[in-house]
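Quick notes on the structure that follows.
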There are 2 protein chains.
Amino acid sequence: MIDLVYIAILKANRLRPTTVRLAVLSVMSDYEDGTHFTIEKISDDLINRGVRKSIGSIYRTLKEFEDSGIVIRHQFDSIGTVYESNTGSDHDHTVCVVCGKIREFYKTEFDSLRKEVVSESKGRLIKHTQTLYVVCESCL
Amino acid sequence: MIDLVYIAILKANRLRPTTVRLAVLSVMSDYEDGTHFTIEKISDDLINRGVRKSIGSIYRTLKEFEDSGIVIRHQFDSIGTVYESNTGSDHDHTVCVVCGKIREFYKTEFDSLRKEVVSESKGRLIKHTQTLYVVCESCL
DNA sequence: GATAATAATGCAAATCATTAGCATTTAGAT
DNA sequence: ATCTAAATGCTAATGATTTGCATTATTATC
């Protein structure tokens, strides 16, 4: 059974492999890499699979996943809270203000600049967020 | 009377110079440049001046100011919604995850990189946000 | 300046997203 | 199979923000 992978992921994060957590991992695994999803989408997708889980438990689950580093949570202007699987890739986002499509981008140079900023202020960088709000090619 | 400046600002944005708007502009003008403030701080400061305005009106006023470009609204992780006067200066922020202090920084190079990203994707840049979550020098 | 038309305000109730309390169920260890 | 701790569902609570509406203040008109 495919669930073995999910069970392993959960165990690695000291989370019991319960039906809610397995179900959430399962719907997440159907998303393409780099997909950004909401709590509501998870809930809908579960319902579409005939799996009814309380919205409260989904919130709890996603928070646990976030704490464990299984997912990353983002807050975008006029879009709200979205999650993505944490693939470990370092990237920032563009958000199309017309269609709402979220895309990822990466440029090493940003990192060096950020390090400069932080070292100039003698602080320590914990994390960063950068989002470019754009009108994307297809919406232009 | 000092209010003439505020009245001019409001008129320039087609907003009637009402007591709430003038009072909010007035408390804002007491803040140092680059200060980030919450709705609650505005409300408290109004109360400290003996001016009692409903929290709902303050929300409405700040939204109008945001729409007019008089203020800029930010959402920071674990801090929430804060505003700053819009001085027209282009800058990003560092937020100390220990003390919560918000500071501004600016580096031209970021802009060129962002332009690269957007032009590579053939989109148009509308705005951006970048926040570095740090432990600041004094908290280290 | 008085007055009509329009916008702003206060207040309370409504909303939205998220969290928490608690009784019940499930997973893991013995 | 049994015990203990954790997870779940449910509902109520929360916090931030918005809205409806009756009242009041501003602006435009006479």
Side-chain angles (χ1 to χ4, degrees), chain A residues 1 3-4 6-27 36-44 46-47 49-68 70-83, chain B residues 1 3-4 6-27 36-44 46-47 49-68 70-83:
Chain A
M1 18 195 78
D3 278 6
L4 285 180
Y6 307 142
I7 292 175
I9 293 173
L10 293 173
K11 291 230 162 127
N13 288 287
R14 283 174 233 79
L15 294 172
R16 291 184 176 180
T18 63
T19 54
V20 178
R21 292 182 185 136
L22 290 170
V24 171
L25 283 180
S26 178
V27 297
H36 292 75
F37 51 88
T38 60
I39 293 275
E40 212 190 332
K41 170 146 182 59
I42 295 271
S43 175
D44 289 348
L46 286 172
I47 289 167
R49 289 178 172 216
V51 181
R52 190 168 293 271
K53 294 294 171 186
S54 77
I55 193 76
S57 297
I58 302 175
Y59 269 102
R60 261 184 300 232
T61 299
L62 268 289
K63 190 192 296 277
E64 292 160 352
F65 285 6
E66 189 197 355
D67 292 343
S68 306
I70 296 171
V71 301
I72 300 174
R73 185 170 49 95
H74 301 287
Q75 291 262 138
F76 295 123
D77 284 6
S78 77
I79 290 197
T81 303
V82 298
Y83 296 84
Chain B
M1 24 192 76
D3 278 6
L4 284 181
Y6 306 142
I7 292 175
I9 293 172
L10 293 173
K11 290 231 162 124
N13 288 287
R14 281 173 235 80
L15 294 172
R16 291 182 176 181
T18 64
T19 55
V20 178
R21 292 182 185 135
L22 290 170
V24 171
L25 283 181
S26 179
V27 298
H36 293 76
F37 51 88
T38 60
I39 293 276
E40 213 189 332
K41 170 145 181 61
I42 294 271
S43 176
D44 289 347
L46 286 172
I47 289 167
R49 290 179 171 213
V51 181
R52 191 169 292 273
K53 294 294 171 188
S54 76
I55 195 74
S57 296
I58 302 175
Y59 269 102
R60 260 183 301 233
T61 298
L62 268 289
K63 191 193 295 281
E64 291 160 353
F65 284 6
E66 189 196 354
D67 292 344
S68 305
I70 297 172
V71 302
I72 300 174
R73 184 169 49 95
H74 301 287
Q75 291 261 137
F76 295 122
D77 284 6
S78 77
I79 290 200
T81 303
V82 298
Y83 297 84

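A, B, ... follow the sequence lines: proteins, then strands. Residue 1 opens every chain.
Rounded to an integer number of Å, the gap from E64(B) CD to dT9(C) C1' is 11 Å. Between I47(A) atom CD1 and dG9(D) atom C1' there is a gap of 14 Å when expressed in whole angstrom units. The separation between L62(B) atom CG and dT9(C) atom C1' is 15 Å, rounded to whole Å. What separates CG of L22(B) from P of dA8(C) is a distance of 13 Å, to the nearest Å. What separates CG of N13(B) from P of dA7(C) is a distance of 17 Å, to the nearest Å. In this structure, CD of E40(B) is placed 11 Å from C1' of dA16(D), rounded to the nearest angstrom. Distance I58(A) CD1 to dG9(D) P: 8 Å, rounded to the nearest Å. Atom-to-atom, CD1 of I55(A) to C1' of dA7(D) comes out at 17 Å; the value is rounded to the nearest Å.
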Heteroatom pairs (N/O) under 3.5 angstrom, protein to nucleotides 23-30 of chain D:
| residue | atom | partner | partner atom | Å |
| --- | --- | --- | --- | --- |
| dT26(D) | O2 | R16(B) | NH1 | 3.4 |

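T61(B) places a side-chain N or O within 3.5 Å of a backbone atom of S57(B) that can act as its donor or acceptor partner.
Nearest heavy atom pair, residue P17(A) against residue I7(A), reads CB-CG1, 3.8 Å. When all heavy atoms are compared, the tightest approach of R16(B) to R21(B) is O-NH1, 2.8 Å. Nearest heavy-atom pair across A23(A) and L46(A) is CB-CD2, 3.6 Å. Shortest non-hydrogen contact noted between K53(B) and I58(B) is O-CD1, 4.0 Å.
Crowding of E66(A) atom CD: a count of heavy atoms from other residues, nucleotides or ligands under 6.0 Å exceeding 12.
Between T81(A) and dT18(C) there is a side-chain polar atom (N or O) within less than 4.0 angstrom of OP1 or OP2. The phosphate of dT18(D) has neither OP1 nor OP2 within less than 4.0 Å of any side-chain N or O from Y59(B). For dT9(C), neither phosphate oxygen OP1 nor OP2 lies less than 4.0 angstrom from any side-chain nitrogen or oxygen of K53(B). In this structure, R60(A) does not reach the dA7(D) phosphate: none of its side-chain N or O atoms is under 4.0 Å from OP1 or OP2. S54(A) has a side-chain polar atom (N or O) that falls below the 4.0 Å cut-off from OP1 or OP2 of dG9(D).
Residues K63(A) and S57(B) both approach DNA chain C. Their nearest nucleotides, taken by heavy-atom distance, put S57(B) toward the 5′ side.
Between F37(A) and Y83(A), the two ring planes are parallel [angle under 30°; tilted spans 30° to 60°].
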